[in-house]
Amino acid sequence: MGRAFVYVILGGGVAAGYAALEFTRRGISHGELCIISEEPVAPYERPALSKGFLLPEAPARLPSFHTCVGTNEERLTPKWYKEHGIELVLATRVKSADVRRKTLLTATGETISYKILIIATGARALQLEEFGVNGSNAENVCYLRSVDDATRLVNVMQSSSGGNAVVIGGGYIGMECAASLVINKVNVTMVFPEVHCMARLFTPKIASYYEDFYKSKGVKFIKGTVLSSLEKDSNGKVTAVVLRDGTNLPADMVVVGIGIRPNTSLFEGQLTLEKGGIKVNGKMQTSNTSVYAVGDVAAFPVKLFGETRRLEHVDSARKSARHAVAAIMDPGKTGDFDYLPFFYSRVFSLSWQFYGDNVGEIVYYGDFLGSTFGAYWVNKGQLVGSFLEGGTKEEYEAIAKATKLKPVIKDIADLEQQGLSFALSVSWQPQPLPLPPPVPIHGDSLELEKPRYAWHATAGVVVAASIAAFAYWYGRRRRVW
């Protein structure tokens with residue numbers, strides 16, 4: 001028993017939905033594409049789980065956040081896939097893959113063959129047991145990776161209103177879940193081994209701002225230690241969390257966000273692995289030319305840094321999926337993936353965005369006692385990273401463009417003084433005009449064109465951008481004063 005498709009996407013997360021939309025835009029025929037997912041629902045926007053899904057008022061629920069609403073595009077409901085002739089094979093686990101024979105074997109014994117495979121298997125949440133602590137099966141211990149996880153978390157959270165929650169982990173999941181728990185009137189204590197929250201991205205100064213904000217909402221932080229064991233009652237429900245330093249925390253519920261691991265096991269020994277994921281080239285193509293990998297599972301070359309990285313973020317999943325499909329459908333016109341790493345979060349009244357890399361010298365700007373501040377990272381004389389809290393759409397776009405351009409920074413003090421206006425001025429600068437075509441030569445004579453004075457326009461734009469940047473900077477200063 002088996003089925004055959006031209007294209008198969010293995011994995012039903014964010015990347016699968018964006019890849020499917022790109023395939024349809026590039027004209028695949030009905031019956032050519034299949035998506036295989038362990039989840040029982042069509043691909044959806046995973047960030048909604050730690051944000052809108054957990055809110056007590058007007059919570060997000062499917063089908064409202066199916067892909068690709070995360071980028072304000074079509075919402076791909078099951079009906080959409082059917083109308084476009086895309087086969088959804090849901091609630092199905094693939095137990096083995098043979099990339100040489102181009103086949104996948106499901107847990108039910110069905111063989112699905114392909115000509116081109118896109119691996120979008122994403123990652124799984126790390127379990128407590130992997131760190132020597134038992135208790136993941138307790139009814140009030142929650143993880144957050146799928147809709148089922150989110151539904152369970154909401155049920156436990158609602159039954160724990162007014163009670164105590166212990167959040168294990170100080171990263172994305174920990175911070176966003178802690179905010180949602182507070183909004184749902186649950187008392188929160190966060191526990192993590194690092195010296196501050198979001199340790200992989202935030203500096204101590206930036207982290208301090210967010211920790212102080214969370215504390216003002218009633219969140220408690222216990223840093224520099226880890227979970228040692230869980231105390232349970234006779235029904236197997238967790239009643240307390242015991243930390244390695246001996247602290248005993250009463251708990252009506254526990255939320256675990258201690259990291260993820262890419263789902264690569266099906267392809268170990270068959271494809272080249274690197275950085276914990278599946279190594280791909282600039283076309284998102286693996287060591288087997290018929291297989292591509294995207295999203296959390298892909299280790300790809302980041303042009304901006306000149307090295308291979310694996311990035312765990314929805315933006316990378318969306319864009320790498322689209323690029324892979326472009327490379328498959330139109331290889332001659334598709335260059336290498338040129339990605340600007342991007343991370344963001346929105347909790348409480350806060351909203352931040354980060355672009356690039358957090359290496360090198362740090363330059364802070366803005367009002368850390370107010371609502372808008374940021375930082376630049378300068379490495380080897382160039383701007384390589386930008387962070388901004390409380391920005392506008394235009395300001396976020398400006399720091400993104402400035403980071404992408406990697407401008408030379410000659411004076412750190414001047415960059416600090418300019419602050420956000422530096423990114424705005426850089427982003428407004430016109431790009432170099434293309435060189436004019438060669439003047440055609442006919443015999444011994446030259447055919448001359450009338451001058452176009454393109455430099456007049458360029459100079460005008462530069463002057464206008466400089467004036468606008470000064471006006472913006474002066475306005476911000478006036479507002480601070």
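The analysis underlying the following values was restricted to heavy atoms, covering all of them including side chains, and did not include hydrogens, waters or symmetry mates. Note that the coordinates shown come from a computational prediction; the quantities given were computed from them, not determined experimentally.
- Between F65 and F53, the ring planes lie perpendicular to each other; the angle is over 60°, past the 30° to 60° tilted range.
- Take D149 and apply the salt bridge (Lys or Arg N to Asp or Glu O under 4.0 Å) test, not counting sequence neighbours, and it matches no residue.
- Here Y396 and Y355 keep their ring centres 6.0 angstrom or further from each other.
- A salt bridge (charged side-chain N to carboxylate O under 4.0 Å, His left out) with D296 is found for exactly one of R124, R145, R46, R261, namely R145.
- We find the CD1-OG1 distance between I119 and T121 to be 6.5 Å, quoted to the nearest 0.5 Å.
- Among the candidates H313, E22, E45, the single residue satisfying the side-chain hydrogen bond (donor to acceptor under 3.5 Å, both in side chains) test with R318 is E45.
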**OP:** Would you sort out whether T103 and T111 count as a side chain to side chain donor-acceptor pair (under 3.5 Å), showing the intermediate values?
**Re:** CA-CA 7 Å; T103 59; T111 298; over 6 Å; no

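- The pair E397-K393 counts as a salt bridge, with a side-chain nitrogen and a carboxylate oxygen less than 4.0 angstrom apart.
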Subject >> Criterion ring-ring contact (aromatic ring centres under 6.0 Å, His included) on Y209 and W352, from CA distance to verdict >> reply: CA-CA 12 Å; Y209 177 90; W352 60 261; over 10 Å; no

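- For D338, the salt bridge (Lys or Arg N to Asp or Glu O under 4.0 Å) partners are K404, not counting sequence neighbours.
- Ring orientation note: the planes of Y210 and F387 are nearly perpendicular, at an angle over 60° on the 30°/60° scale.
- Below 30°, between 30° and 60°, or above 60°: for F213 and F348 the angle between ring planes is between 30° and 60°, a tilted geometry.
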